[in-house]
Amino acid sequence: SDVDALSQNFYKNNFSSSQTFNKDCVFTTRLQIPHYTSAPSVGVVGDIIEVGGKAYICTTAGNIASPATFTLIGSQT
């Protein structure tokens, strides 16, 4: 089944599910966000990082010659 396949891959020990109705399932997982002291210069669009207790997402891919752009997610205080 799909749940068995997921438990054998990356989601092992990070994945759970529960059935609430006959044809409705709820899946829960946790997201581990890497911590940085400052935004890295290398990144791909969609990368999520944490700097100073705030979450950022990469909006422009970058490399050493042309650094990535990371944007604050939402309004965090």
Side-chain angles (χ1 to χ4, degrees):
S1 76
D2 291 338
V3 174
D4 293 332
L6 287 172
S7 68
Q8 300 301 317
N9 291 302
F10 174 79
Y11 300 101
K12 189 168 186 167
N13 298 325
N14 291 325
F15 186 82
S16 65
S17 66
S18 63
Q19 188 170 1
T20 55
F21 299 100
N22 280 341
K23 296 184 180 181
D24 183 26
C25 290
V26 177
F27 294 93
T28 307
T29 188
R30 64 183 178 161
L31 177 65
Q32 294 180 335
I33 301 175
H35 167 77
Y36 290 88
T37 54
S38 62
S41 59
V42 177
V44 296
V45 173
D47 282 353
I48 297 175
I49 63 168
E50 178 265 321
V51 177
K54 296 185 178 182
Y56 293 82
I57 189 165
C58 181
T59 54
T60 305
N63 54 44
I64 294 173
S66 176
T69 302
F70 286 87
T71 304
L72 185 68
I73 298 173
S75 58
Q76 304 172 49
T77 56

J.: Could you see if Leu31 belongs to whatever hydrophobic cluster contains Tyr56? Use Ile, Leu, Val, Met, Phe, Trp, Tyr and a side-chain cutoff under 4.5 Å.
T.: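 Looking at the clustering, Tyr56 is in a separate group from Leu31.
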J.: Please name the pair of heavy atoms, one in Gly43 and one in Ala68, separated by the smallest distance, quoted to 0.1 Å.
T.: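 It is N-CB, 3.8 Å.
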J.: To check you understand the geometry: which heavy-atom pair defines the closest contact between Phe70 and Pro40, and what is its length?
T.: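 Heavy atoms only, the tightest pair is CE1-O, 3.4 Å.
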J.: Minimum heavy-atom separation for Lys54 to Gln76, with atom names?
T.: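 The answer is CA-OE1, 3.2 Å.
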J.: Nearest 0.5 Å please: distance from the CD1 atom of Ile49 over to the CD1 atom of Ile73.
T.: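 So the CD1 of Ile49 and the CD1 of Ile73 are separated by 9.0 Å.
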J.: Considering non-hydrogen atoms only, spot the tightest contact between Ala65 and Asn63 and give its length.
T.: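 Minimum heavy-atom separation between Ala65 and Asn63: N-OD1, 3.0 Å.
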J.: Looking at CD1 of Ile57 and CD1 of Ile48, how far apart are the two atoms once the value is rounded to the nearest 0.5 Å?
T.: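 If we round to the nearest 0.5 Å, Ile57:CD1 and Ile48:CD1 are 5.0 Å apart.
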J.: Provide the closest heavy-atom pair for Val51 versus Ala39 in the form atom of the first, atom of the second, distance.
T.: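 Looking at all heavy atoms of both residues, the closest pair is CG2-N, 4.1 Å.
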J.: Should Val42 and Val44 be counted in the same cluster of Ile, Leu, Val, Met, Phe, Trp and Tyr side chains packed under 4.5 Å apart?
T.: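 Hydrophobic grouping puts Val42 apart from Val44.
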J.: Write down the atom of Ala61, the atom of Val45, and the distance for their closest heavy-atom approach.
T.: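 That would be N-CG2, 3.7 Å.
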